[in-house]
Number of protein chains: 2
Amino acid sequence: MVSDAAPAPAKTPVTLREVASAAGVSVATASKALNGQGRMTARTRERIRETAQRLGFRPNSLAQSLLRKRSFTVGLLTNDTYGRFSLPLMAGVSDALVDAGVSVFLCNVEDDQRLGQLHVEAMLDKRVDGIIATGKRIDRHLPVDLANLRIPVIYAFTQPDPDAIGFVSDDAGGARLAVEQFCVLGRRRIAHVSGPASFAVVHERARAYREVLTEHSLPVAEPLLGHWSEAWGHEAVARLFDGKAGRGEKPDAVFCGNDQIARGVIDALRERGIGVPGDVGVIGFDNWEIVAEATRPPLTSVDMNLSALGREAGLALLSLVGGQPAAPGIRKLPCRLVVRQSCGRPPGG
Amino acid sequence: MVSDAAPAPAKTPVTLREVASAAGVSVATASKALNGQGRMTARTRERIRETAQRLGFRPNSLAQSLLRKRSFTVGLLTNDTYGRFSLPLMAGVSDALVDAGVSVFLCNVEDDQRLGQLHVEAMLDKRVDGIIATGKRIDRHLPVDLANLRIPVIYAFTQPDPDAIGFVSDDAGGARLAVEQFCVLGRRRIAHVSGPASFAVVHERARAYREVLTEHSLPVAEPLLGHWSEAWGHEAVARLFDGKAGRGEKPDAVFCGNDQIARGVIDALRERGIGVPGDVGVIGFDNWEIVAEATRPPLTSVDMNLSALGREAGLALLSLVGGQPAAPGIRKLPCRLVVRQSCGRPPGG
DNA sequence: TCACGTTGAGAAAACCTTTTCCCAACCGCG
DNA sequence: CGCGGTTGGGAAAAGGTTTTCTCAACGTGA
């Protein structure tokens, strides 16, 4: 027998049987030694451990899964192929699971029912322990039916089935943060420019906007709804600022439905010689850093904490898989305001 | 026996054994019937198939994998957590593999060696058939060692190990497309504004830029290297256009290293009253649609075809897993020019 | 009738690990 | 010396599928 020195990468994985025979014990004993189970002398256990170490033994996850009926694998379903929402979310999910030794199948289903079916079946066949469904819109379903699946399902940033568990961002809370910030900064005429009325979050944020203004006894302007683009930001500024009303009647703050709109608003204001944040404060939504940091001045924006949301979803799934019960319903996670320069500084500051 | 009508979702998966006993045959026969193997009467085969169908039988992938030593699973390693490069690439990979019944483990390793190790080991334990490594930079390695892995590895949009197979975009070719386009459009004084010198692609594109200009006997200006931001685009315009040289000596076209720089360039030009594309044509790189479509005018840009690159990588891995040999080396995939309005139209058009 | 080939289907091994018995040896105690 | 209890470790089943081998029945030609 040649003593192989460095544990050179074996061409074929070493099995428990090989460890056992190298250590001169049965596979049963070897298994128990490595898992800290059973009874044996400390010396035997240590010898087996060393042998396994030396041979570079790693248990075959497939065999373990087959037996334990637990694959340490979950599926992540998304239809947000190119979007920027799913990536931080996925990172959070993955982050929460990797420490538990759980790997994540990424399944992009677009909006294709057939593709969704295909992926779900593949995941079921592979005996995933659970599924996380995520999308690009809070108020839409994925094109798959996950209702009676015999494995736990968690929804994140997408519309959950009834009786399921879903995590979403607290958009109303996020909107409050933004508008309250304007109030604190002494802004009095706060406008709201947002996306299409077909999005549920548009109404949720608009409601919060109205509430905060009312609470502060400030005038409530009807929100301007358009679409999620810079161009719409430009147009909204034209509508808000190009009238012949005096300076004192025009907005001194604009709360925007996303960062692209805010970018358009800031650019349009600058083109009109209106100072940001001097004359008008601007706050965006999404905190899309690459946009928020490129605006002039850098954009204050509401962050939905998507990565944290993904983490929570991952942990919730883990606990469900572990057999912990959990009440169905929607959990809203708080947003946070990332203050940069576009909103201005406190009067006294 | 009650005839259960609709195949209600069973609480526990139905096994081959159950199918066999329901059809009155042995598991061996059942297996062969469903896989089109072995010899039996057509009637027997059909009866078994129907029984399986009726019971909603789906083979346990874990058991199959254990036996076949093939898990129909691959790992996708990335360190591009928030970036926009990995998403289209992943979509392409997933797309190429889903039809072969192969699922993809998404592993985000950041730039963390420990995390990389962790993920690679988890994937190896789960007996993935192969690994695709992808990153956010073509000229950097991932923080993991995939050299002697006993399973096939493909690199995509990241620096491959020697003797490995890698797919990257043909950046020089992409740059040629852009500069040639300017030449065709009759531009004569073409500038190049790009990212930091620490990126290999910056030099590759600059070389192509010089070559094309030389081929067309046009003056070659030294490329301006800075960083990948809008702010740098602004500054570059200041350097190029704010001198006291006459209009006839200033650039009439700017080829930018990415879309953000191009965005900055266009904005800065507009602020100076210089018309785009009338006075100066602009072409960007990356074709990041959300930026390219928001510039005024919409930005012509080089698309790296990342989704196609992902597809190629996926197919290559599949063929490697299938035992097909493949020569090591780097394969460059062509870019394409997406023409919008910022480059101008042909003189006669 | 016998030898032989074909057909249809089942038994069992294999994949790798975990876990539940089970058993032999040993110890102490009466 | 006999007995119950403990200790160290092994045999075997289980998990679900695939594949090889085996075998009985049957038909055919001599």
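In what follows, chains carry the letters A, B, and so on, assigned in the order in which the sequence lines appear, proteins first and then strands, with residues in each chain numbered from 1. Note that the structure is a prediction, hence the values are computed from the model and not measured. These numbers come from the heavy atoms of this one structure, side chains and all, not from hydrogens, waters or symmetry mates.
Phosphate contact (OP1/OP2 of C:dC16, side-chain N/O of A:T15, threshold under 4.0 Å): absent. Look at A:N60 and you won't find any side-chain N or O under 4.0 angstrom from OP1 or OP2 of C:dC15.
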- prompt: Should A:F85 and A:F157 be marked as a ring pair (Phe, Tyr, Trp, His ring centres under 6.0 Å) after you check the CA-CA gap, both sets of side-chain angles, and the distance that decides it?
  reply: CA-CA 9 Å; A:F85 297 134; A:F157 206 73; 5.4 Å; yes

- prompt: Does the side chain to side chain donor-acceptor pair (under 3.5 Å) test come out yes or no for A:Q117 and A:Q113, once each step is laid out?
  reply: CA-CA 6 Å; A:Q117 189 72 17; A:Q113 187 129 19; 6.0 Å; no

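Atom CZ of A:R17 and atom C1' of C:dT17 are 10 Å apart (whole Å). Rounded to whole Å, the distance from CG on B:D125 to C1' on C:dC16 is 13 Å. A straight line from CG of B:L66 to P of C:dC16 spans 7 Å, rounded to a whole angstrom. In this entry the distance linking CG of A:L16 with P of C:dC15 reads 14 Å, nearest Å. One interatomic measurement links the two molecules: NZ of A:K69 to C1' of C:dT17, which rounds to 14 Å at whole-angstrom precision.
In this structure, CD1 in A:I138 is found 13.0 Å from CZ in A:F167, a value given to the nearest 0.5 Å. With rounding to the nearest 0.5 angstrom, the CG atom of A:L124 is 5.0 Å from the CG atom of A:L149.
Using modelled atom types, one finds no donor on one side chain facing an acceptor on the other under 3.5 Å when comparing A:S61 with B:D125.
When side chains are defined from C-beta on, A:R45 counts as touching A:M40, because their heavy atoms get closer than 4.5 Å. Looking at heavy atoms from C-beta onward, A:S94 lies out of side-chain contact with B:L106 at the 4.5 angstrom threshold.
Taking the charged nitrogens against the carboxylate oxygens, A:R331 and A:E312 have no contact shorter than 4.0 Å, which rules out a salt bridge. Contact check on A:R114 versus B:D99 returns a salt bridge, with a Lys/Arg side-chain nitrogen under 4.0 Å from an Asp/Glu carboxylate oxygen.
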task: Take nucleotides 4-11 of chain C nucleotide by nucleotide from the 5' end and write B, S or -, depending on whether a protein heavy atom sits under 4.0 Å from the base, only from the sugar-phosphate, or from neither.
output: ---BBBBB

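Note on the helix from C:dT1-D:dA30 to C:dG30-D:dC1: terminal axis deviation equals 70°, with five pairs used at each end and the result rounded to 10°.
A nucleotide of DNA chain D counts as in contact with chain A when one of its atoms lies under 4.0 Å from a heavy atom; the first and last such, 5' to 3', are D:dT7 to D:dG16.
The two residues A:N108 and B:A91 have their closest heavy-atom pair at ND2-CB, 4.2 Å.
A donor-acceptor pair under 3.5 Å is absent between the side-chain atoms of B:S103 and the main chain of A:A122, judged by distance alone.
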